[in-house]
Amino acid sequence: MTVTYSRRVADAGLGTFFHLLLRWKGSIYKLLYRELIIFTLLYYFFSVVYRFVLNDDQKRLFEKLSIYCDRYAELIPVSFVLGFYVTLVVSRWWGQFENVPWPDRLAALVGGHVRGADETSRLTRRTLMRYANLSGVLIYRSVSTAVYKRFPTMEHLVQAGLMTSEELRHLEDLPSPHNKFWVPCMWFVSLALRARTEGRINNDVALTALLTELNSLRAKCMKLYGYDWISLPLVYTQVATVAVYSFFLACLIGRQFLDPTQGYPGHEMDFYLPIFTLLQFFFYVGWLKVAEQLINPFGEDDDDFETNWLVDRNLQVSLLSVDEMYDSLPLVERDMYWNESEPQPPYTTASALNTANPPSWAQRWISGLMIFFFLSFFFFLLNKLAEHMSNLLFGLQCS
Amino acid sequence: MTVTYSRRVADAGLGTFFHLLLRWKGSIYKLLYRELIIFTLLYYFFSVVYRFVLNDDQKRLFEKLSIYCDRYAELIPVSFVLGFYVTLVVSRWWGQFENVPWPDRLAALVGGHVRGADETSRLTRRTLMRYANLSGVLIYRSVSTAVYKRFPTMEHLVQAGLMTSEELRHLEDLPSPHNKFWVPCMWFVSLALRARTEGRINNDVALTALLTELNSLRAKCMKLYGYDWISLPLVYTQVATVAVYSFFLACLIGRQFLDPTQGYPGHEMDFYLPIFTLLQFFFYVGWLKVAEQLINPFGEDDDDFETNWLVDRNLQVSLLSVDEMYDSLPLVERDMYWNESEPQPPYTTASALNTANPPSWAQRWISGLMIFFFLSFFFFLLNKLAEHMSNLLFGLQCS
Amino acid sequence: MTVTYSRRVADAGLGTFFHLLLRWKGSIYKLLYRELIIFTLLYYFFSVVYRFVLNDDQKRLFEKLSIYCDRYAELIPVSFVLGFYVTLVVSRWWGQFENVPWPDRLAALVGGHVRGADETSRLTRRTLMRYANLSGVLIYRSVSTAVYKRFPTMEHLVQAGLMTSEELRHLEDLPSPHNKFWVPCMWFVSLALRARTEGRINNDVALTALLTELNSLRAKCMKLYGYDWISLPLVYTQVATVAVYSFFLACLIGRQFLDPTQGYPGHEMDFYLPIFTLLQFFFYVGWLKVAEQLINPFGEDDDDFETNWLVDRNLQVSLLSVDEMYDSLPLVERDMYWNESEPQPPYTTASALNTANPPSWAQRWISGLMIFFFLSFFFFLLNKLAEHMSNLLFGLQCS
Amino acid sequence: MTVTYSRRVADAGLGTFFHLLLRWKGSIYKLLYRELIIFTLLYYFFSVVYRFVLNDDQKRLFEKLSIYCDRYAELIPVSFVLGFYVTLVVSRWWGQFENVPWPDRLAALVGGHVRGADETSRLTRRTLMRYANLSGVLIYRSVSTAVYKRFPTMEHLVQAGLMTSEELRHLEDLPSPHNKFWVPCMWFVSLALRARTEGRINNDVALTALLTELNSLRAKCMKLYGYDWISLPLVYTQVATVAVYSFFLACLIGRQFLDPTQGYPGHEMDFYLPIFTLLQFFFYVGWLKVAEQLINPFGEDDDDFETNWLVDRNLQVSLLSVDEMYDSLPLVERDMYWNESEPQPPYTTASALNTANPPSWAQRWISGLMIFFFLSFFFFLLNKLAEHMSNLLFGLQCS
Amino acid sequence: MTVTYSRRVADAGLGTFFHLLLRWKGSIYKLLYRELIIFTLLYYFFSVVYRFVLNDDQKRLFEKLSIYCDRYAELIPVSFVLGFYVTLVVSRWWGQFENVPWPDRLAALVGGHVRGADETSRLTRRTLMRYANLSGVLIYRSVSTAVYKRFPTMEHLVQAGLMTSEELRHLEDLPSPHNKFWVPCMWFVSLALRARTEGRINNDVALTALLTELNSLRAKCMKLYGYDWISLPLVYTQVATVAVYSFFLACLIGRQFLDPTQGYPGHEMDFYLPIFTLLQFFFYVGWLKVAEQLINPFGEDDDDFETNWLVDRNLQVSLLSVDEMYDSLPLVERDMYWNESEPQPPYTTASALNTANPPSWAQRWISGLMIFFFLSFFFFLLNKLAEHMSNLLFGLQCS
């Protein structure tokens, strides 16, 4: 259920990003509201205790405690830890996306190299692609909770048509305690070799190209498995989490509004609503939430990869590619620019307008104004001084 | 409408970057001026209210509020969040540019391997390249608003000569809900195979090389699609945006010039123009604008990739490559350095001057001066002390 | 004994990361508790000395020392050094994981290209894979303490069936002082060439593909060797370690609670438990521990790569791939979607629910509330001012 | 005119980097001295005005302004912006260097695969390499000002022997508004195909390898073109520039030495020379200059890539490779280690000394001393306390 | 003389990194002690002057100067500049290591594809590998001072058996002013082609694979050459160096202990030993030393790559690979797991213990304790408040 908002931010204009603040799905509000409510309640609990329950001596004690907490909370390097930690999580997240196995490239080769329009050839091509898809799904089942829910048992894969019961039996008969996602790859190899022997693949270069492509796919599956197996070290996650949570535990006490009549510096007013502490909560816990969401992108968060959609799309596209599309070719005819060496596809009026767009005088004017504006402060000062100097001179003349 | 300024900054001289400040197109002024005007108006609204509307008690209240806002606004880690966020956006932006599909490499192979000067061969070569281009345009249509505006319907692609109506019919007949950019790739495969059968491609190695190259192109299309589908997590964008906007909401109150007569520390003067707050607005919001502009580089911002130009250029160059340029070769004749083993292409006077440029005495002098300058403060102090010591000694002698 | 927690963090919810704080294995507590106990004991030692042993003059001296330590400890740039250092260590750690040699790709090629069902062919395939595995194990022995403990001598490798005694003799006869992990690779080459001569590998393309794949494996072994040989420069590690340790040495004195009656600023209360100093110890030393754990991921830390498991898994999978799985193919039969061009694998009820999940009115409500909440402070102020202005107006009317 | 100083910093010793400070060419002094002079003059202009021109009231005003500027200048996040910006520029700079096209690899293949010692074969090989070089030069002309100055018109390329006038005519006849650097690549393809037909290239694998290598070269040219076309977004450069320049505009006022008799905090003394402000100018503007110099590494800065040297070197080496070196082979004879399985090339005395270099007792002594030194402060304190305790005890005994 | 300490840090335990502090070779002490001594001497020189030479007025002046220096030294952004600069240097350092040319992959292909057991074949294989090694050594001579010392003239290479005098004559006859490391590569090509003609390499695929591999090696040599040629811009190095050195020049004055009787804030005590300034010197100059050491990893620093070892190792291993190991194959026999599909190599007792290691109750107990500990402060406060509340209630009852 990936949240795609690329189109909304295609052009940078007035408040492009501001519009994004009004979304709910995949938003920081959805992720944070429970934590924020809990934090606010705890904050007001302490506030109420301080204001209405404690007697004067206790208040003085609480105030000192509050000032102490406030001062030392600043020492917790939350920004640093989060900055480096989140950067790391994000790079792993994208690394995982880049290793999602797409069988498209393999499908092109299977469609091109496994020749023959008879049923066996068709069967071979479809089965080859099914194996490639099956291998991916077996990996998804072990890394993605969404796919696992969809195919809780191997039997579900049979029902879904991703494997036959015969294949399931073979798979289960294989004595190995390790993840068996590679088994369909070996079937692929065997079937490709058979196709070569039977002449459906008619040369060795093609066969090697096929196997190489299969191996790329397999390597990607392996990498996803590796990302799942070797998590980001738990210690790093704990350090970041403890830093953020303890900072806000300290803020519960340290950011209370203290009695203004006591004259503590920085506590001259009582606003009741600790707006800046809540904002900080927003940034810091929100930043941590970015990490929480991305650390395993194969879950069911709003921003996780839609693995189930991937399974469906890959199956359909790869079967289409090697079956319906096999040797299908629209009539090859001369294109529009047959005798033209400078083809110029036309523009629609809307897009054409966009290309010819010299800066208007208004824009130039604003640009000049801006530069003027920046330098103005500087010259304003120079001016003032010059004025004083002339005053001085006149003053000297007068006196 | 990419803004290219590489040539302006080829040499680092006095104020190289300063000249860049005077540009309008693609500039920070163009992106920011509306936000800046709104911010300034709001600032002066509060300023006017504070100075002329409020009574004395209310002023005292406002002053306390202002000091409170000023102090806590500093706690918002805008630099950190923006630094890491913008770095991430920039790396995605360049990643997208690196995956823009250029059909040049494929054109070289098609031109080289699909032999024959008859019309069918010519038709084959042109059609192969047209398919490769079409695949790219189909992806552009789904990721780039500029290309989408140019080709709002598939029919426009037919009118633009990128596909025939026959091909459009085939494409539409294909029952698949997913993006069909891969279909022309499969046509390419089919046509290449037919060319192999008909002997226009005369060996399997060439065929495999062609298909491999096609697959690289397809993988790049896939990646662009992936970048579009998997946006940067919304939460991260929201965290950065909220951090910046809330910082400046706080500044609206917190950076007001307070009555100097009240003697608040740091409020000794009233300059009316909050020059530093506006500068901060410039940096921080400008930095955020960098992200807004780059987060989707396929829009119509000043700095976005010119996808429509890409479509035109790629179509023309690839058709030229495989058609006009097919087997076209200027007369191969002996080059100038035929019997010379140390060829030395001449320099023009302008460039020759540049190579022989030993540091003049003036430069050495400045270099020495600089080092002198740096050490001077240090020796100045040593000197002072030595002087004092000699004074001391003389003083002792005198007394 | 890698600690995998991906599944626990699949979905970001209330306190997803909080649960991770309750784990022991691979946790910060397990790594830190000894250091923390030592630090706490030392802290209380100084505390007791200050409170009960020193006389008044000595106390004053200690207090000044403490304030001095506290002030200057802040100047040590622990966050910076650690941030950059740990980022570097983490990138090396992942670089090492990406170079772990998996023989899967090679197994697919051996299974595909080395033909023949007779015993010699089977022997060839098994031996080829055994060589590839042996090469990996020889590298592991030199980089991983865990594997070295398992196979302390080469004889253990023979006992484990990874090499024959004949092979061991060959290996030991080879006169070379350098690591011999590459020798099995050369055997692989010789055996592959023999298989080609005997026709078990029936074409040169396949042979070249096999050797290329072997070379990839070998390059990965080489890289692991390089990571082991070229450690992160000792100086960098020392700089980071000295920064952290000296910071906390300074804190032992500087963070003591001083006598509140002396009225030192920031020492108004005595809490006995230096909670924030301990928290800082947690973050900084914990962050350093991340580096300690990852700097050599082939040890026996909780979070290190399970190299012994890798050895077992790779041996089994590669032997299975080329032997049991050789030419094994389940009956190829029509799949479920034979005549369907839009296959749609079914969803289970659990997963289906997940896809159709429009934001409920409650969610929209919260989203709105949040935005409301953010803007409220701003309008609250506007409101206040408006109120004051109306007061003013009424005031004017009244007067 | 690249500045190479690798050799000067081969060994880290006392002041290795210090020596680099004394260089002029490519140095920070050469880049900065004009800006520094301007800044210093402006600074002293204000200084003179403040000291000698203004009357007392105006001085008080100026002082308040100065304090205001000083305080707010600190809020400009120059370090952050520059740190991230320069890192980005440096990574692009290196990316550009990595895409400089070297025709060496192609020359090896042309020399190996295009057989024949007759003149036509020689002509073919030379022409192929000339085409590859020409393609590079065409790109350099469009990205590098230095090469553009050397070859201001295409006619200059003909005079330099990089292309024939026949080829120039062909190039100009081609109707295309886009950069034509790819045309020589297509000629290369045509000529290679002709060589294949004529049997000079005697197999298809070799031909494909040649074309693949050509395509790598072409892809690199394309990437250079891309780097030139898609500059770093102007906005980012402007943000960094404005941040630095406005910081120093503020410093012109804010860092003036104010009258010490007025007793402003931090203005107790008047040193006339604002050494630290000048140092800051050095760092920050110097850092920005790093970016100015690297943002387009194809200019004529001291540190830019010497593209003209590249053109000469590549032309000569590639012609030599395929012509003089064609089938040239020194007599193949037995090497020194023919019957030795452990070859040990000798060391010179100088280098041999270096290998056997156990830490002397002096070194160990220093090492020990250092550790001692670090721990000394800690034990010094312990000691002091122990002393006090014993005093205490004796004191108790005495009393 | 690389310093390898991976094995020492295999497991993270109590003070893993602490042990590293006790090493001399490659340590921060060895690199820093001279600078540290100089700094300390200068510091005490100023200290002595201040304490014993200056008279009272001069002391007051010095004190003001010292406070001024201390305040502004803080403004120098040493951490930032160093953090980004060192990160850059480290990434270049590793980039250089990754481009060190290892001829292993090439040796495998030469050993596999150049067939024949007669002397000419043996000679061909040995010579091919010698050429590959020679190419590497020629590059090392131009980038590495250590190798250059070992082979100061080309004649030394002949004596070392890396080239014959015939080859040297050929090399010197070649008229080219540029680095000739690529010449042996061209010889390699010629010899490989001859071997192909003579049938020692019996197919074109193998020949192409060989040349491709050679080109990879050559590209790596080229990259090392590029790293040497294009140093990190001098300006960046100067900025970082000036930042660090000027910071410590300022510290020489600014961190003096001032007379406590003058009552300057932060100068209440005189400790004589400026421990924190020395620590800062340690971190910052140590960090800079990391850069000094890594900026050219081909020198003779303790942590530089052992290029001479590389030369020896590569020569021996590549000759062994293609000669002794040619077609050498231990008797191929059935492995231990011939009829077993789940091979389980045994564990030694030591390593077996390690795998089965459930958390003991003690560990769980500590884990619980830790969590308890973290939450304790929070509940302690809650408790206190509750207590006060009950007091309040009782107080109300009593009164």
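Reminder, nothing fancy here: chain letters follow the sequence lines and each chain counts from 1. It should be emphasised that the depicted structure is a prediction, and the values quoted were computed from it without experimental measurement. The figures that follow rest on heavy atoms only: side chains count, while hydrogens, waters and symmetry mates do not.
Looking at A:A240, neither its backbone nor its side chain comes within 4.5 Å of chain C, counting heavy atoms on both sides. At a 4.5 Å heavy-atom cutoff, C:V100 makes no contact with chain A through either its backbone or its side chain. Contact of C:L294 with chain A is made through the side chain alone, with heavy-atom distances under 4.5 Å. When heavy atoms are compared at a cutoff of 4.5 Å, A:L191 approaches chain C by way of both its backbone and its side chain. At a 4.5 Å heavy-atom cutoff, the contact between C:Y337 and chain A is made by backbone and side-chain atoms alike. For A:L320, the part lying near chain C is the side chain, with the backbone staying farther off; criterion is any non-hydrogen pair under 4.5 Å.
Annotation: maximal heavy-atom pairing with chain A below 4.5 Å, among C:G112, C:P346, C:P260, occurs at C:P346. Of all the listed residues (C:D104, C:V322, C:L331), the one sharing the greatest number of non-hydrogen pairs under 4.5 Å with chain A is C:D104. Interface summary for chain A: among C:G286, C:A209, C:A108, C:G111, the most heavy-atom pairs under 4.5 angstrom belong to C:A108. Of all the listed residues (C:E324, C:Q280, C:Q316), the one sharing the greatest number of non-hydrogen pairs under 4.5 Å with chain A is C:Q316. Highest contact tally toward chain A, considering only C:H267, C:R105, C:M325, C:E98, is held by C:R105 [criterion: heavy-atom pairs under 4.5 Å].
The CG atom of C:L109 lies 6.0 Å from the CG atom of A:L211; values are rounded to the nearest 0.5 Å.
One side chain, A:Y85 or A:T237, offers a donor N or O that lies under 3.5 Å from an acceptor on the other. Residues C:Y284 and C:S79 bring a donor and an acceptor atom of their side chains to less than 3.5 Å of each other. For the 3.5 Å distance criterion, the side chains of A:S318 and A:N133 qualify, holding a donor opposite an acceptor. Between C:W287 and A:Y236, the side chains place a donor N or O and an acceptor N or O closer than 3.5 Å (distance only, hydrogens not considered).
Here the shortest heavy-atom pairing between A:S231 and C:W93 reads O-CH2, 3.6 Å.
Using a 4.0 Å cut-off between charged nitrogen and carboxylate oxygen, A:R194 and C:D327 do not count as a salt-bridge pair.
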